[in-house]
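Report on one structure; see the data block that follows.
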Amino acid sequence: MPLRRLQIPCHARAAATLSSVAAHHLFDRIPRPNSSGSSSTPPASPCVGHPASSSPFAFSAAVAQSVPAALPALHALAVASGLDAFAFVSNSLAARYAKTGSFPTAARVFDTARARDASSYNTILSALPDPAEALAFLSWMLRSGEARPDAVTFTVALSLAAGRGEDALGLVRQLHALASRAGLAADLFVGNALVTAYSRGGLLDAATRAFEEMPTRDLVSWNAMICGLAQDGDSPAEVVLLFLRLLKDGAARPDRISVCSVIPACGDQGKLVLGRQVHGFAVKLGVHRHVSIGNVLVAMYYKCDAPGCGRKLLDSMDERDVISWTTAISMDPEDDAFTLYNGMRRDGVSPNEVTFVALMSALPAGRPARDGQMIHAVCLKTGLSDKAAAANSLITVYAKLRRMDDARTVFDLMPRRDIIAWNALISGYAQNERCSDALEVFSRMVRCLRPSETTFASVISAVTAVETVSMAYGETYHGQTLKLGLSAGEYVSGTLIDMYAKRGSLDEARRAFEETEHRSLIVWTAMISANAKHGSYDNVMRLFDGMVRSGIAPDGVVLLSVLTACRYRGAVDTGKEIFDSMAAKHRVELWPEHYACVVDMLGRAGRLEEAEELMLQMSPGPSISALQSLLGACRIHGNTSIAERVADILTETEPTESGAYVLLSNIYAEKGDWGGVAKVRRQMRDRGVRKEIGFSWVDFGAGNRESTHLHKFSSDDTTHPLTEEIYRVAEGLGWEMKLLKNHLCMDKPKKAAINITLLKLGHATKYRTRKAYFAFCKTFFSQG
DNA sequence: CCGGAACGCC
């Protein structure tokens, strides 16, 4: 009875050997059932006891478990026996074909089926490999009306939409409405799919509403809601609350998936005690040995500032996968990323592209380029450099290392470039002030895909950074952001404000700021720093006040701008007050830059002891720039004792830098302490310090791409062909400055004296007459 | 008897 083999699952292996030719031969001897039989009831069995025709249900069951090689024979048998009059018989064939990797055959079964129901469509819908095609198929199904969509249709369609995240929110809403109208929204599976689709689209409110409206909920519903909240990331506290509600509710017992979502939420809140409790709960459930739970627990301990616990857990795990190690590489503060990478290799675990991203982002800025290249080499060897994530961060790393040609090579070798790759390359060129390259890549990019907010932020900052590039480009990009509806984004607004402040005027920057609807921290920061750079102290303070009052918490960056404004203005008390409020009120970490700024401000104001005291509080120690500015302040205020201490630290950290020696020697000289001068000179000689010649440069003809020339010169430089004229003008400018300085405390006789001097100066051609000079003074002083 | 929903590290 060879035919029996085709039907009986346990003989599936034997059926696999049956060629379709043999099957056809056998089918000729199968008696045909009544082919005109109604499709709703099984035809009367012409051959009692024959499995192929006795029951279409048994036939479908056999199909569901058969091996791929037996499917053509089964298909032929279904047609031959007339069983294909039942939709579900064809459906089971199509489903089996699709599941065993032969989608085109499944589609053919669908196309040639004698009867189709919703399940037929659902089978194809869930099997289509391309989501876009699946959505097209769905709309065709809805339009054709051959079969009414059922709960499964909505479940599959919603999960398709869920995979597209925010882009498909409109579709989700539409499906929700259709399901409600069909009375299918109360279905458990549809409800679960709705919760998932809304949360993946970022509509947590709608997801919560769908969850609460469900008449019954199972563990999947709870997990969908918990995971949705967890992935949103904005409300870790709610994740924990929902998990506790699940425990109290008792409707379902949490499982590994629930625990897996709650643990990161504990970590995000830094709640170590709670995290430990959930860890205990995982032990009680018996899921703690699972590698997924181990991984989230390790990450949770790292996030909760318990790296020791994280590391101990990692080491004690039964099995560590690439995720476990990648977590440690990106989060362990103790061990070097490379050391951990080697540990991973010794553990027999292969890296993936995420591992490389973690390694590359662990590269400190000052690390030799060799390390970046080493990672690149291993990345190429393991074939992971083709992965977008790895390639994208390679581009970023090379850009950070100022090696744009290498970044470009990585980019050019990518088989498929996503928007992140384009943006990484463009922003790399922008950061390295290679504006024309940035613009060239940008113009190539817009031919393939739509630029994003980040893209415009990069090209605008590229235009801003390079002064020889016409502002017309920046204005064009501004126009394009308006057209594409990207001008309201915080990054675009921020860079526009920055651009107008640097290359246009403060007024234009203000206009850009006022046109920004949603003023985020980034937007405020751009506006405050624009005003700080222009020295508009009053505006800075007014804006800062406005920002704080609008409920935005300042960060280190914006506070540095505010402190800088205080420094320029010499508003020492206000500056000091703000500095003191940083840790106490704003809970902002104090950076070396903040200290350096305040040290400089105090130093300029002559409060040298305070400045020194503050400088010594810096951790891990006073920064070079703080020391240098304090030494400069000591010179202005003639304080030798502090200058000696400061110069000591400076010359110890940078023994071959001449700056500190020269400055200290000048301080001694100004005091007439020639012994001190000799001491410093001796020190310099002993340590082999040479004072380097300082060069200055001037960008002549800036703003015009063709005629820009860079002129370099040093003191007593006579190499320029126009040397004589240059010295004459410089001397004239020196005189002008002296005159203007004196004008501040000028009385009548002095004024007369100056005017005579001025008239004597043949090169001060501008003010050859008294009238012209007074006109100049009037306009100069009225500007403040 | 066919088709359906939830998860970690970047």
Rounded to whole Å, please give me the gap between [atom1] in [X] and [atom2] in [N].
{"X": "A:His75", "N": "B:dC2", "atom1": "NE2", "atom2": "P", "value": "17 Å"}
{"X": "A:Asp321", "N": "B:dC9", "atom1": "CG", "atom2": "P", "value": "12 Å"}
{"X": "A:Arg114", "N": "B:dC2", "atom1": "CZ", "atom2": "P", "value": "21 Å"}
{"X": "A:Leu194", "N": "B:dA5", "atom1": "CG", "atom2": "P", "value": "13 Å"}
{"X": "A:Leu71", "N": "B:dC2", "atom1": "CG", "atom2": "P", "value": "14 Å"}
{"X": "A:Asp255", "N": "B:dG8", "atom1": "CG", "atom2": "C1'", "value": "13 Å"}
{"X": "A:Lys99", "N": "B:dC2", "atom1": "NZ", "atom2": "P", "value": "8 Å"}
{"X": "A:Ile226", "N": "B:dC7", "atom1": "CD1", "atom2": "C1'", "value": "11 Å"}

**Prompt:** Are OP1 or OP2 of B:dC7 and a side-chain N or O of A:Arg200 less than 4.0 angstrom apart?
**Reply:** yes

**Asked** Would you call A:Lys312-A:Glu334 a salt bridge at under 4.0 Å N-O?
**Response** no

**Message:** Do the side chains of A:Asp315 and A:Arg311 get close enough for a salt bridge, i.e. N-O under 4.0 angstrom?
**Reply:** yes

**Any side-chain donor near an acceptor of the partner, A:Asn192 and A:Asp187, under 3.5 Å** = no

Closest to the [X] side chain, choosing from [options]:
{"X": "A:Asp187", "options": "B:dG8, B:dC10, B:dG4", "value": "B:dG4"}
{"X": "A:Phe88", "options": "B:dG4, B:dC9, B:dC2", "value": "B:dC2"}
{"X": "A:Ser330", "options": "B:dC1, B:dC7, B:dC10", "value": "B:dC10"}
{"X": "A:Ser159", "options": "B:dC7, B:dC1, B:dA5", "value": "B:dA5"}
{"X": "A:Ser92", "options": "B:dC1, B:dC2, B:dC7", "value": "B:dC2"}
{"X": "A:Asn91", "options": "B:dA5, B:dC9, B:dC2", "value": "B:dC2"}
{"X": "A:Val190", "options": "B:dA6, B:dG4, B:dC2", "value": "B:dG4"}
{"X": "A:Ser292", "options": "B:dC9, B:dG8, B:dA6", "value": "B:dG8"}

Scan [X] against the nucleic acid and name what it touches under 4.0 Å (heavy atoms): base, sugar-phosphate only, or nothing.
{"X": "A:Gln231", "answer": "sugar-phosphate"}
{"X": "A:Arg256", "answer": "base"}
{"X": "A:Ser126", "answer": "sugar-phosphate"}
{"X": "A:Ala95", "answer": "sugar-phosphate"}

By a strict heavy-atom criterion of less than 4.0 Å, which residues belonging to [range] are in contact with DNA chain B?
{"range": "residues 213-223 of chain A", "result": "A:Asp218, A:Val220, A:Asn223"}
{"range": "residues 293-316 of chain A", "result": "A:Asn295, A:Val296"}
{"range": "residues 142-157 of chain A", "result": "A:Asp150, A:Ala151, A:Val152, A:Thr155, A:Val156"}

Show me the side-chain donor-acceptor pairs of residues 341-348 of chain A shorter than 3.5 Å, one per line, residues at least two apart or across chains.
unit_1: A:Asn342; atom_1: ND2; unit_2: A:Phe338; atom_2: O; d: 3.4
unit_1: A:Arg345; atom_1: NH1; unit_2: A:Val349; atom_2: O; d: 2.9
unit_1: A:Asp347; atom_1: OD1; unit_2: A:Arg320; atom_2: NH2; d: 3.4
unit_1: A:Asp347; atom_1: OD2; unit_2: A:Arg320; atom_2: NE; d: 2.8
unit_1: A:Asp347; atom_1: OD2; unit_2: A:Trp325; atom_2: NE1; d: 3.0

Between the side chain of [X] and the main-chain N/O of [Y], is any donor-acceptor distance below 3.5 Å?
{"X": "A:Asn392", "Y": "A:Ala388", "result": "yes"}
{"X": "A:Ser55", "Y": "A:Phe57", "result": "yes"}
{"X": "A:Ser102", "Y": "A:Ala98", "result": "no"}
{"X": "A:Asn295", "Y": "A:Val298", "result": "no"}

Let me have the donor-acceptor pairs involving side chains of residues 134-148 of chain A, under 3.5 Å, with sequence neighbours excluded, atom names and distances please.
unit_1: A:Ser139; atom_1: OG; unit_2: A:Ala136; atom_2: O; d: 3.0
unit_1: A:Ser144; atom_1: OG; unit_2: A:Met141; atom_2: O; d: 3.4
unit_1: A:Ser144; atom_1: OG; unit_2: A:Glu146; atom_2: N; d: 3.3
unit_1: A:Glu146; atom_1: OE1; unit_2: A:Arg116; atom_2: NE; d: 3.0
unit_1: A:Glu146; atom_1: OE1; unit_2: A:Tyr121; atom_2: OH; d: 2.4
unit_1: A:Glu146; atom_1: OE2; unit_2: A:Arg116; atom_2: NE; d: 3.4

**Request:** Confirm from the modelled atom types if A:Ser119 and B:dC2 form a donor-acceptor pair under 3.5 Å, side chain to base only.
**Result:** yes

**Message:** Check for me whether the distance between the ring centres of A:His376 and A:Tyr398 falls short of 6.0 Å.
**Reply:** yes

**Message:** With a sphere of 6.0 Å drawn around CZ of A:Phe411, does it hold more than 12 non-hydrogen atoms of other residues, nucleotides or ligands?
**Reply:** yes

Under 3.5 Å, which donor-acceptor pairs do the side chains of residues 162-173 of chain A form with other protein atoms, sequence neighbours left out?
none

**Request:** Taking all non-hydrogen atoms of both residues into account, name the closest pair between A:Val259 and A:Ile293 and its distance.
**Result:** CG1-CD1, 3.9 Å

